[in-house]
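Letters A, B, ... are given to chains in the order of the sequence lines, protein chains preceding strands, and every chain is numbered from 1.
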Amino acid sequence: MAVMGVATALVSSCSSVGPVAESPLRIEGATYVGNQACAECHADLCRTFPVSAHGRIHGAGLKFSGGSGCESCHGPGSRHVAAGGGRGKFILNPGVDPEACFRCHLEVHAQFDLPQHHPLPEGKMNCVQCHDPHGRDIMKPAGGLAMARLNQSCAQCHRPETKPAVFEHPALREGCLICHEPHGSVNLKMLVEPDPNLCLKCHAQEQGPGVRPGEIFIGKVPHTAFLRQGTCWSAGCHTAVHGSNMDRLLRY
Amino acid sequence: MQSEPSQRRTTSHQWVAALIPVACSLQLAAAEVDVGKLPPPAGRRIDFARDIRPILEKSCLRCHGPERPKSHFRLDNRVSALKGGENGVDIIPGHSERSPLIHNVAGLVEDMLMPPAGKGERLTAEQIGVLRAWIDQGVAWPEGGTNTLRFSFTPMVGWMHVSGDASKARELLWQRAGAAGGAQEFHFRQQVDPDTAVTGAGHVVFGQDDYKLTLAVERNDVGFGRFGFETYRKYFDDTGGYYAPFSPAAFDLNQDLYEDIGRIWTDFGLTLPDRPRVVVGYEYDFRNGTESLLQWGAVTDPGSGATKNIYPAYQNVNEHAHVIKVEVTHEIRGVQLEDAFRGEFYHLDTHQVNDLSYSLGSSGPAATGLIDQGYRHAQANNTFSLQKQVNPWLFLSGGYFYNRLQGDAAFSQSTLLMPTGGLFPYASGSDIVLAEETHVFNANAQLGPWAGWTGFAGVQSEWDNQHGFGSVQTDDADPTDPTTFLIQPTVVSSDWGTFRNEEDFGLRYTRIPDMVLFADTRFQQESFGELEETQPEGGGLLPHEFVQNTVAVSDLKEYRIGFDVSPWQRLGLNAQYLRHERRTDYNNFVTAFGLPNAGYPGFITGREIRTDEVDTKLSVRPAAWLTTTLSYRLVATDYRTATSPVTGFDPATGMLVPGFTSPGGWVFAGKYRGQVYSASAVLTPWRRVYLSSTFTYQPSRIRTADNSDPSMAPYRGDVYSVITSGNYALTTTTSLRAAYSFSHAGYGQGNTADGLPLGMVYDWQTVQAGAKRQFHKGVAIGLQYAFYRYAEASSGGLNNFTAHAVFAMFTKQLP
C-alpha cells in the first residue's frame, strides 16, 4: 500500500497562487506564528515539553528557521490559529503522517525503508503509538504514567510474546530491544542478528580444560553440532524463546 | 470577546429583551459606555467574505473559534455569534451601537479591550466601522453555519504483476499481485448545527483486504459517540532457510501464509461543561491466520551426513481480545485528575507445525512436531493520576497504576511420523495457571524556568509478582524417536517477585544565547527473587527434578549530556553523549538431578551490558532553497557474562572434576560496534520544485566469545540506503511526482563449510512516478506507476522478484 500512500499526496491539494510543489510541511497560505500562540490553547502539551526528549533540541532561542519549536513538526500554524483551532484543521499531525518525524530522524526513515519493518510506511501504524513526542519519556506511548514500563510499548500489540509464562526468558528483563530492532531490519522478525550470535552475546562461558579445542559447551552440554546446524531456536531446540509453560530450558 | 462577569459593569436593557427573548431571560447586559466615542459605521454595503471574515480570523477566532472558545462565545458562525456566550448576547442585529462586541473592540469598557493585549493587534477605527456597518445591516453571514456538508471520495483501481518469488514480494510490499480496487480514501463531515457534527472516514480496497471505517457524532459541551473498524492483511513468505551445498538448497511450504489483523472499537463520551469528562469504550482486537516461523526444521543430506536447520515452519494463530475502557477526567481547584480503567479478556490458540526430520530426496519430513497451545486471561488495570501547576515555576504530577492478571494455559506436543501417519504424544499440559499483580507509584516535579534553568525529577516504584503452576506431562527424549519417549507426570511451578525503583533527573539551560544545554540521568535499582520447580509427580529421580531459587539485584545507570546550538537561521548543530550500563548479579541456589553445578538454568551469575553512544547532527541552510543535514552516530556495546563453574568427568580418571567443563567466572561475551552516517538535502530552487534526498550508511559488527569456532562466523557488514523523491508543479492544476529508493545489505557469512550462513545480502530498489491533474474545483485524477526489484544473493536468488504496479484514482470533493 506504500504506492497508494504516495498517490494520496498526489491528489491532496492544488495551489491557487501559481504552481507550487507539494512538500512535507507545506500548508497552503499558512505562516509561522511561534510557540506562544500554540501554548495558548495547548497548555497541557507545552507545559512539560521543555523537559521532554524533544525539549533537548527545541528551544525558543534557537534560530534555525523551521527547525525548532512546535511548527517544525506541525507545520506553520497561522491558518490553524485563524480558524480557531480544530483537530487536523490547517495543521499537520505527525501522529498520522510520519514525514515530519523523518525530516530529523534520518536513520529511522532509512530503517523503515528496509525490507522488514513495522507497517508504518504502509499507514498501519504511527510513531505516536510507541512514542510520546511531547512527554518526558519518549519511550512510552502517550498517556499513562510519566515513565515507561518495561516492554510496555511492544506489549500493546505483541501479547503472545509478552504474556506471562511459568518459565520466562530472562532476556525479556533486558527489554525486547535486546533482540529486536523496532523500526526496521534486514533480518526476518526484525532481529538484530539472525544467527546464534544473537544468543551467544549473553550465553557465553569460559570453556574448561575438559572441553576439546573447537568444541563449544553451553552449560554442561556440548553445543558444537547444534550450532553448526543453525540457530539456537530452530530444529526443535529452544523454540519457546519468549517463555515456556513446560520446560525450564525453553525447548517447548 | 466576552468579559468576565466580575469585570463588567452592567445595566438592564428591557427593550432588547423584547427583541430577543432568549437573551433577555439570561443576562443580557451592556456596559455603561459613551457610544459617542464609537467610530461611525462604514457607509457602504458590507460583504462578509471580503470585509468581515479577515477581521474575525485575524483578531477573534484565536480565542473564540469552535475549539474550547473563551467564555463559550463563538464567532465562527452566525448562530453561535448571535447566541452569545456565558455573559449574554454580544451582537444585536441592527444596533451596533448597543452591541457589547463593538463596545469591547473599541475599548469603551474598562479592562475589556478585545482582543486583549498580546492576543492580537487592536482594531482600527476603520475596522470597527466595518463591523458596525455589518451589524447594522443585519449580520449577514452567507457561509458556514448550519447543515453544511464536506465530502471527499477517491475511488481507485490498481494492478500489480510480479515475476519471480510472488510470496516474498507480497511479504515485502504488503500487497499481493493482481487487481485491486475500491475507495482509496473517503471522508465526510456533516455540520448539522454549529455544535453538532457527524464525521466519517476510511478506505476500502478490495483485492488487498484492506479496510478502515470510522464514524463519529460529536456535540460540543454534550458528548460524542465514535465507532471504528479496521483490518489489514500481513503476508509471510513460505520459504525457510538456504544452504547452497544442498540440492534443493531451500524449501517452500507451498502454503498461503497470511494473517488478518484488525480491531473494532466504539467510544462514548460525556463532555458537559464544568463536569467530569467521562469516556466509556469497548474494543475488540483480532489476529487470525497462519504465520511463518523461524523455528526451521532439520534437513539432512544422506550423502554427506550434514544436517542444517532450513526447513520452513508455520503456525496457525487465532487471537482475540475484548477490551473495556472507562476514563474519567476532571479538574478540581486547579488539580487535573484522571482515572483510566482497562479490562481485557484475551484468548489465544496456536497450532505450530515444525519439521523434525527431513532427508534430502524424500517426499517430505519423516517426523513432524505438532504443538497446540491455548491461553486465555482476564486482566484489569487502573491508572489514577493527578497533576497541578502549583505556581509558575513548579508543576507536580503523580499517579498509581494497578494491574492484575489471571490466566490459564494448555500445551500439547506430539510427533507425527510419516509415512505411517502415526501420532505420538510427546509432552502436554493443561490447567496451567498463571497470575500476575503489579503496583506502580509515580511522582514527578518540574521546576522552572528560573534564570534559564528548567529541571525535573521523577521517581517510579514498581512491584511485580507472578505465579505459575501446572501439572504437565514432560519428556526429555528424542522427539523424532517415539521409542525413546518417557512421559513423566510432572509439576511445574514458578513464583517470582520484583521490586524496581527508578529515578529520573534532568536539566535544561537556555541562558546562553542561541543554545540549549541538557543533562539527563536515569537510575534503576531492581531486586528480584524467583523460585522455579520441576518435580516429578509421585517422586522418583527423573531428569525433570529441578529446583532453582534465585535472588538477583540489578543496577541500571544512564547518563546523557549534550547541546543544541543555532546562532543563525542558516545553521543548527546538536550533539550528545549517552552512557548506558546495567549490571545484574544472580545468586542462585539450584538443585537438579545429575551433576552438581549442572549448567542451565541457574548458571549465569552475572551479566553486564554497557553502551556508549555519540550522536551529532549539523543542519545548514546555505541558501533559502537548500537545506542540508549531516548526522553521525556511534554505538559501542559490550556484553559480559559471569557463570558458575561446571563440573565434568575427566576421561583420564573417570572422576568428577569441579570446573572441568567450565571454570566459570566473567567472560567477554560480545562486542557490538555500529555507526550510522546520514546525509540529506532538501531543495526548493523554484516554487514549482521540491526535491528531497537522504543517504544513510550503517556499518556494524558483532563478535561473540565463540567466534573463534569456524562454524560461528561474526555478524558484520553494512547497509546503505538512498531515499529520494521530487515533486514538480507543472501548472496550477497538474503536478508530477517521482521517487526512488534503494537499499543494500552486505552481511554475508563465509561459514558454509562448517556452519549455516544466515547473514543477509540483498539489493532492493523501488521506483515510483505519478501525475495528478485537477480538472475543476473538487475533481482530480491521479495516475501512479511503481517498479520494485528485490535481489537476495544470500538465498541464491530464490527470493528474487520484480514487480510492476499501476494505480489510477479519481477524487471528488464537495464543496
*Asks:* Name the member of E168(A), H109(A), Q207(A) that forms the most heavy-atom pairs with chain B at distances under 4.5 Å.
*Replies:*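 Heavy-atom pair counts peak at E168(A).
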*Asks:* With a 4.5 Å heavy-atom cut-off, do R26(A) and T684(B) have their side chains touching?
*Replies:*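 SC-SC contact between R26(A) and T684(B) ruled out.
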*Asks:* Are M760(B) and P194(A) packed together at the side-chain level, in the sense that at least one heavy-atom pair is separated by less than 4.5 angstrom?
*Replies:*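 Heavy-atom side-chain distance check fails, nothing below 4.5 Å.
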*Asks:* Quick one: of A82(A), A53(A), A204(A), who has the most non-hydrogen atom pairs under 4.5 Å with chain B?
*Replies:*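 Most pairs with chain B among the choices: A82(A).
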*Asks:* Measuring heavy-atom distances to chain B, does V192(A) have an atom under 4.5 Å in its side chain, in its backbone, in both, or in neither?
*Replies:*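 The backbone, not the side chain.
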*Asks:* Hey, is R149(A) close enough to E462(B) for a salt bridge, meaning N to O under 4.0 Å?
*Replies:*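 Between E462(B) and R149(A) there is a salt bridge, with a charged N closer than 4.0 Å to a carboxylate O.
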*Asks:* Report which part of F167(A) has an atom under 4.5 Å of a heavy atom belonging to chain B: side chain, backbone, both, or neither.
*Replies:*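 Both parts, heavy atoms under 4.5 Å.
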*Asks:* Could you give the distance from CD (Q389(B)) to CG (D44(A)), rounded to the nearest 0.5 Å?
*Replies:*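 With rounding to 0.5 Å, CD (Q389(B)) is 12.0 Å from CG (D44(A)).
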*Asks:* Y762(B) versus L114(A): any side-chain heavy-atom pair under 4.5 Å?
*Replies:*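 Side chain of Y762(B) against side chain of L114(A), heavy atoms only: contact under 4.5 Å found.
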*Asks:* Between A110(A) and chain B, with a heavy-atom cut-off of 4.5 Å, which part of the residue counts as in contact: side chain, backbone, both or neither?
*Replies:*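 For A110(A), the contact with chain B is made by backbone and side chain together.
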*Asks:* Please classify the contact of S52(A) with chain B as side chain, backbone, both or neither, using a heavy-atom distance under 4.5 Å.
*Replies:*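 It is the backbone, since no side chain atom gets that close.
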*Asks:* For atom CE of M139(A), decide whether the heavy atoms of other residues, nucleotides or ligands shown that lie under 6.0 angstrom number more than 12.
*Replies:*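 Open: at most 12 neighbouring heavy atoms sit under 6.0 Å from CE of M139(A).
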*Asks:* For residues E122(A) and Y232(B), determine if any side-chain heavy atom of one lies less than 4.5 Å from a side-chain heavy atom of the other.
*Replies:*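 With C-beta onward as the side chain, the pair stays apart.
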*Asks:* Any ion pair linking R62(B) and E40(A) (charged N to carboxylate O, less than 4.0 Å)?
*Replies:*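 Salt bridge present between E40(A) and R62(B).
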*Asks:* Side-chain contact test, heavy atoms from C-beta onward, threshold under 4.5 Å: evaluate it for P50(A) versus F518(B) and give yes or no.
*Replies:*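 Side-chain contact under 4.5 Å: no.
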*Asks:* Within the 4.5 Å heavy-atom criterion, are R56(A) and D564(B) side-chain neighbours or not?
*Replies:*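 Heavy-atom side-chain distance check fails, nothing below 4.5 Å.
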*Asks:* Does Q466(B) reach the main-chain N or O of A165(A) with its side chain, forming a donor-acceptor pair under 3.5 Å?
*Replies:*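 At least one qualifying donor-acceptor pair exists.
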*Asks:* For M147(A) and N444(B): C-alpha separation, side-chain torsions, deciding distance, then whether side chain to side chain contact (heavy atoms under 4.5 Å, CB included) applies.
*Replies:* CA-CA 10 Å; M147(A) 298 181 203; N444(B) 315 277; 4.0 Å; yes
*Asks:* Check whether the side chains of N354(B) and Y252(A) place a donor and an acceptor atom closer than 3.5 Å, and report yes or no.
*Replies:*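 Per modelled atom types, N354(B) and Y252(A) side chains form no pair under 3.5 Å.
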*Asks:* Which heavy atom in L106(A) sits nearest to a heavy atom in T696(B), and how many Å separate them?
*Replies:*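 Nearest heavy atoms, L106(A) then T696(B): O-OG1, 4.1 Å.
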*Asks:* Could you tell me whether a side-chain N or O of S662(B) sits under 3.5 Å from a main-chain N or O of E206(A), the two making a donor and an acceptor?
*Replies:*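 Yes: the side chain of S662(B) pairs with the backbone of E206(A).
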*Asks:* Looking only at non-hydrogen atoms, find the nearest pair between S234(A) and N309(B) and report the distance.
*Replies:*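 Closest pair (atom of S234(A), atom of N309(B), distance): OG-ND2, 3.0 Å.
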*Asks:* So for A240(A), is it side chain, backbone, both, or neither that comes closer than 4.5 Å to the heavy atoms of chain B?
*Replies:*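 For A240(A), neither part sits under 4.5 Å from chain B.
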*Asks:* Just by distance, do the side chain of N727(B) and the backbone of E22(A) share a donor-acceptor pair under 3.5 Å?
*Replies:*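 Present.
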*Asks:* Need one label for S78(A): side chain, backbone, both or neither, based on atoms under 4.5 Å from any heavy atom in chain B.
*Replies:*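 It is neither, since no heavy atom gets under 4.5 Å.
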*Asks:* Indicate the atoms forming the closest heavy-atom contact of G208(A) with P663(B), along with that distance.
*Replies:*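 Closest approach of G208(A) to P663(B), heavy atoms only: CA-CD, 3.6 Å.
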*Asks:* Heavy-atom distance under 4.5 Å to chain B: side chain of L200(A), backbone, both or neither?
*Replies:*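 Looking at L200(A), backbone and side chain both touch chain B.
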*Asks:* Would you mind checking which part of S619(B) comes under 4.5 Å of any heavy atom in chain A, side chain (CB onward), backbone (N, CA, C, O), both or neither?
*Replies:*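 Both parts, backbone and side chain.
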*Asks:* Hey, could you give me the NZ/CZ distance between K308(B) and R228(A), rounded to the nearest 0.5 Å?
*Replies:*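 K308(B) atom NZ to R228(A) atom CZ measures 8.0 Å (nearest 0.5 Å).
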*Asks:* Which distance, rounded to the nearest 0.5 Å, do you find between the CD of E193(A) and the OG1 of T704(B)?
*Replies:*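 Going from CD on E193(A) over to OG1 on T704(B), the span is 8.5 Å.
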*Asks:* Just give me the residue among K63(A), K189(A), R173(A), K89(A) that pairs up with chain B most often, heavy atom to heavy atom, under 4.5 Å.
*Replies:*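 Heavy-atom pair counts peak at K63(A).
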*Asks:* Can F395(B) and R47(A) be said to form a side chain to side chain contact (heavy atoms under 4.5 Å, CB included), step by step?
*Replies:* CA-CA 8 Å; F395(B) 174 73; R47(A) 188 180 292 152; 3.1 Å; yes
*Asks:* Can you tell me how far CD1 of I432(B) sits from OG of S244(A), rounded to the nearest 0.5 angstrom?
*Replies:*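 Result: 8.0 Å between the selected atoms.
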*Asks:* Would you verify whether the NZ or CZ of K163(A) falls within 45 degrees of the ring axis of Y346(B) while also being under 6.0 Å from that six-membered ring's centre?
*Replies:*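 No cation-pi geometry.
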*Asks:* Could you tell me whether the side chain of N245(A) reaches within less than 4.5 Å of the side chain of L434(B), counting heavy atoms only?
*Replies:*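 Yes, close enough: below the 4.5 Å cut-off.
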*Asks:* Using a distance-only test with no angle check, is there a side-chain donor-acceptor pair under 3.5 angstrom linking S743(B) and D113(A)?
*Replies:*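 Short answer, no.
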*Asks:* Would you find a donor on one side and an acceptor on the other, under 3.5 Å apart, between the side chain of Q295(B) and the backbone of T239(A)?
*Replies:*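 Yes: the side chain of Q295(B) pairs with the backbone of T239(A).
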*Asks:* Measuring from D195(A):CG to I702(B):CD1, what's the distance to the nearest 0.5 Å?
*Replies:*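 One gets 9.0 Å once the value is rounded to the nearest 0.5 Å.
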*Asks:* Identify the heavy atoms of V211(A) and T661(B) that sit nearest to each other, and give their distance.
*Replies:*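 Smallest heavy-atom distance, with atoms named: CG2-O, 3.2 Å.
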*Asks:* Looking at chain B, which one of Q116(A), R136(A), H58(A) has the largest number of heavy-atom pairs inside 4.5 Å, strictly under?
*Replies:*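 That would be R136(A).
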*Asks:* Do you know which of P119(A), C232(A), P196(A) has the most heavy-atom pairs with chain B at a distance under 4.5 angstrom?
*Replies:*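 Among P119(A), C232(A), P196(A), the one with the most close pairs to chain B is P119(A).
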*Asks:* Which bit of V676(B) comes within less than 4.5 Å of chain A, counting heavy atoms only: side chain, backbone, both or neither?
*Replies:*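 Contact with chain A involves the side chain of V676(B) alone.
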*Asks:* Would one find more than 12 heavy atoms of other residues, nucleotides or ligands at under 6.0 Å from atom CZ of F401(B)?
*Replies:*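 Result for CZ/F401(B): enclosed.
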*Asks:* Closest approach of P164(A) and L405(B), non-hydrogen atoms and distance?
*Replies:*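 Taking every non-hydrogen atom into account, CG-CD2, 3.7 Å.
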*Asks:* Where does D650(B) contact chain A at under 4.5 Å (heavy atoms): side chain, backbone, both or neither?
*Replies:*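 Neither part, no heavy atoms under 4.5 Å.
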*Asks:* For chain B, find which of D247(A), V221(A), L227(A), I218(A) contributes the most heavy-atom pairs closer than 4.5 angstrom.
*Replies:*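 Top option by heavy-atom pairs under 4.5 Å: I218(A).
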*Asks:* Quick one: what part of H80(A) sits under 4.5 Å from any heavy atom of chain B, side chain, backbone, both or neither?
*Replies:*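 Neither part, no heavy atoms under 4.5 Å.
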*Asks:* I'd like to know whether NZ of K234(B) has more than 12 heavy-atom contacts from other residues, nucleotides or ligands below 6.0 angstrom.
*Replies:*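 Atom NZ in K234(B) is packed in, count exceeds 12.
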*Asks:* Walk me through whether E174(A) and R607(B) qualify under side chain to side chain contact (heavy atoms under 4.5 Å, CB included).
*Replies:* CA-CA 10 Å; E174(A) 305 288 347; R607(B) 179 178 292 121; 3.5 Å; yes
*Asks:* Examine distances only and state if a side-chain atom of R621(B) and a backbone atom of F64(A) form a donor-acceptor pair shorter than 3.5 Å.
*Replies:*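 Answer holds: no.
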*Asks:* Calculate, to the nearest 0.5 Å, the distance between atoms CG and NE2 belonging to L172(B) and H117(A) respectively.
*Replies:*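 Answer for the CG-NE2 pair, L172(B) versus H117(A), is 8.5 Å.
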*Asks:* Where is the tightest heavy-atom contact between R688(B) and A21(A), given as atom of each residue plus distance?
*Replies:*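 R688(B) and A21(A) have their closest heavy atoms at O-CB, 3.1 Å.
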*Asks:* Between Q229(A) and L756(B), is there a side-chain heavy-atom distance shorter than 4.5 Å?
*Replies:*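 L756(B) vs Q229(A): side chains apart.
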*Asks:* Might you work through the side chain to side chain contact (heavy atoms under 4.5 Å, CB included) test for I178(A) and I609(B), ending with a clear yes or no?
*Replies:* CA-CA 10 Å; I178(A) 197 81; I609(B) 300 174; 3.7 Å; yes
*Asks:* Measure distances from T231(A) to the heavy atoms of chain B and classify the residue's part below 4.5 Å as side chain, backbone, both or neither.
*Replies:*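 Backbone plus side chain of T231(A), per the 4.5 Å heavy-atom cut-off to chain B.
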*Asks:* Non-hydrogen atoms of chain B under 4.5 Å away: do they reach the side chain of C237(A), the backbone, both or neither?
*Replies:*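 For C237(A), neither part sits under 4.5 Å from chain B.
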*Asks:* Checking heavy atoms, do the side chain of L150(A), its backbone, both or neither come under 4.5 Å from chain B?
*Replies:*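 Side chain only.
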